Amino acid sequence: MNTSAGQDAIETASVSKETRESSVYAESGGYKAQYPDVNEAKLVRKIDFRVVPMISILYLLAFLDRVNVSNAVLFSLKQDLKLTGNQFNTAIVIFFIPYVLFEIPSNILLKRYKPHVWLPSCMLVFGTITVLQAFAQNFSGLVAARFFLGFAESGFFPGCFYMLSMWYRREEAQKRYSFFFSSTSLAGGFGGLLASAIGKLDGVRGYHGWRWIFILEGLLTVVVAIIAFFILPDFPEEARWLKKDEKEFLKARLYEDVGHSRIQDPLTFRAAVAVLKDFKMIFGPLMYLGFIVPAYSYTYFAPTIVQTFGHSVIQTQLLSVPPWACTFVFTMIIATVSDYTRRRFVFLMLCASIGVAGLIILLVVHDNSKLQYGALYIVPMGALSAMPIALCWFETNLGTHHRRAVGTATQIGFGNVGGIIAAYSFLAKDSPKFIPGYSICLGFTLLAMLAACGYYLAVLAENRRRDRAVAESADTLSADEKARLGDLNPDYRYYT
């Protein structure tokens, strides 16, 4: 038997085994009846404690290393490196080139090397690069550091989302996605507080404050990466801290929600291309692209915008913190209600509309700093609350490891092109009104809303088509064939 045929035989046998197991669950009254000794609520709390906090802390530090340049620029970075014109914007942009290109390959490697190895390894590298960034002496040095930082971080965010999506059912996923994604809000607030404190080291050992920001925050990332190698969990099927019956229970409850995980199947280039042929795959990346432009614009330039209101450097850092805190609280409220109602579209549109309102205020009001500062609360509350909904809605609607790995990386990889757009949206020559920047953010938010409408209509139409097929008894697939399809299974219904 050749290698390809042998692999097909193994995959078929594995899927057939899972199909038999699922039949047992159904015949015995479901997975809860099959495992009466497993307390589902207790198991979910156990997963919450072991999975969500750890990857949230990791992403908080990753995002902090990515965006701390926005805090560092207020502490003489431009002057020390002799940056002129749009060179600072270019240094921001260069991060996104490798970050976008290497996200799908990274998720393939994540599946091969396991999360507890791959994610801390990425983190160790980009933490080290953040420290080295502190010793840049000119524009070229800063650009080189930012390029390799983007390369090292490319697999981290989609890898975390992919991993998180394999632990939870869809009706309980939004709260966990939003809590994880809100690490960005915490990082924004924490970064401002940390920068204001570290900035006071300005002049120590001859280094300006911006160098200390990179050194200390990078060292923190390195230390946490080493710890994460020993405590970060892998996928449910491989978790060493779950008992055998808990693993089987978890496997069964996830099967009931989205079908077989097919973790044993290798993720090949051909399999990835097959996933991308689904026309619905275009909507997720467009939604994320539309929201990431205002999100990154706010992240990178909010301190600069606040400073135009006439505040000192330290005051600017401190005033940048409260909007992040409010965003975190609002995001979690929306996520909780979304999970309770099992609806995504309506809450995404609500958040997006709030972001649009904030952007319109900033676009037309230029003589009322209090109102403008108030709008800087509204924009992230809209955009940064909508982003985890777009991610969770799209990714948890995908079944099997293959489709989620490729879908996650595609959505995040393509969407992060928005980071390049955001970096050139707020130029020094447009200060203090920044009309082009706010206009670009508004346009992309409307694009995200349009893509969300398209995805909603697509999955709604597909659900209705499958309902009609069931009513007409048009289903001709065997259980074994359905087992391979994930969300393409005619019995599967998408969340709307």
Side-chain angles (χ1 to χ4, degrees), residues 62-63 66-70 73 83 85-104 142-143 146-147 149-151 153-154 157-158 181 184 187-188 281-305 348 351-352 355-356 358-360 362-363 375-376 378-380 382-388 390-391 394 409-452 454-455:
F63 194 77
R66 184 187 315 173
V67 304
N68 55 13
V69 68
S70 65
V73 74
L83 302 185
N86 298 329
Q87 287 184 328
F88 176 69
N89 303 77
T90 302
I92 293 176
V93 163
I94 203 69
F95 169 92
F96 291 99
I97 297 174
Y99 188 80
V100 168
L101 293 177
F102 293 102
E103 292 201 345
I104 291 181
L142 180 63
V143 166
R146 297 288 299 175
F147 178 87
L149 185 66
F151 178 79
E153 280 204 36
S154 62
F157 183 50
F181 190 83
T184 60
M281 296 295 289
I282 189 60
F283 295 114
L286 285 175
M287 280 191 283
Y288 193 61
L289 171 68
F291 288 127
I292 210 160
V293 172
Y296 269 126
S297 294
Y298 182 86
T299 301
Y300 280 120
F301 298 106
T304 301
I305 295 169
L348 183 148
C351 294
V356 166
L359 288 167
I360 291 175
L362 291 169
L363 188 61
L376 289 177
I378 299 174
V379 171
L384 290 171
S385 297
M387 286 174 73
L391 289 164
F394 180 71
T410 302
Q411 183 180 30
I412 296 173
F414 180 82
N416 272 300
V417 172
I420 299 174
I421 299 168
Y424 282 119
S425 296
F426 288 78
L427 303 178
K429 67 182 181 65
D430 298 323
S431 179
K433 293 185 177 181
F434 295 113
I435 291 176
Y438 296 135
S439 300
I440 291 170
C441 291
L442 181 60
F444 273 92
T445 303
L446 294 175
L447 171 65
M449 297 173 76
L450 183 63
Y455 184 64

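This chain uses plain numbering: 1 for the first residue, then up along the sequence. Here the structure is a predicted model, which is why all the values come from computation and not from measurement.
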query = Going through the distances and angles, do L362 and L376 end up as a side-chain contact (heavy atoms from CB on, under 4.5 Å)?
reply = CA-CA 8 Å; L362 291 169; L376 289 177; 3.9 Å; yes
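- Heavy atoms only, all atoms of each residue included: A295 and M387 are closest at CB-SD, 3.3 Å.
- One distance of note links CG of N89 with CD1 of I94; it measures 13.0 Å at 0.5 Å rounding.
- Nearest heavy-atom pair across N416 and I412 is ND2-O, 2.7 Å.
- When atom types are taken as modelled, the side chain of S154 and the backbone of F151 share a donor-acceptor pair closer than 3.5 angstrom.
- Residues that satisfy the side chain to side chain contact (heavy atoms under 4.5 Å, CB included) test with I435, not counting sequence neighbours, are L363, H366, K433, S439.
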key: Audit row: F95, V69, side-chain contact (heavy atoms from CB on, under 4.5 Å) steps and yes/no   = CA-CA 11 Å; F95 169 92; V69 68; over 6 Å; no
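- Atom CG of residue L83 and atom CG of residue L142 lie 6.5 Å apart, to the nearest 0.5 angstrom.
- The aromatic rings of Y300 and F96 lie perpendicular to each other, with more than 60° between the two planes, well past the 30° mark.
- Looking at heavy atoms from C-beta onward, F181 lies in side-chain contact with L384 at the 4.5 angstrom threshold.
- Between the side chain of Q411 and the backbone N or O of A390 there is at least one donor-acceptor pair closer than 3.5 Å.
- For the pair E153 and Y99, the tightest heavy-atom approach, listed with the atom from each and the gap, is O-CE1, 3.3 Å.
- Contact annotation: the side chain of I282 approaches that of L286 to within less than 4.5 Å [non-hydrogen atoms, C-beta and beyond].
- Taking each heavy atom of M449 and A352 in turn, the nearest pair found is CG-CB, 3.5 Å.
- For the atom pair OG1 of T445 and CD1 of I440, the computed distance is 11.5 Å after rounding to the nearest 0.5 Å.
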message = Apply side-chain contact (heavy atoms from CB on, under 4.5 Å) to residues Y455 and L348 and explain how you reach the verdict.
response = CA-CA 12 Å; Y455 184 64; L348 183 148; over 6 Å; no
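- In this structure, Y288 contributes its side chain and L391 its backbone to no donor-acceptor pair below 3.5 Å.
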List the atom pairs, donor and acceptor, that lie under 3.5 Å between side-chain atoms in residues 419-432 and the rest of the protein, sequence neighbours left out.
| residue | atom | partner | partner atom | Å |
| --- | --- | --- | --- | --- |
| Y424 | OH | T90 | OG1 | 2.7 |
| S425 | OG | I421 | O | 2.6 |

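- Looking at Y296 and R66, their side chains do bring a donor and an acceptor atom within 3.5 Å of each other.
- Under the 4.5 Å side-chain criterion, counting only non-hydrogen atoms from C-beta, V73 is not in contact with F301.
- Annotation for G150 and P98: closest pair C-CG, 3.9 Å, computed over non-hydrogen atoms.
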request  = Could you please spell out the steps behind the side-chain contact (heavy atoms from CB on, under 4.5 Å) verdict for L446 and L450?
outcome  = CA-CA 6 Å; L446 294 175; L450 183 63; over 6 Å; no
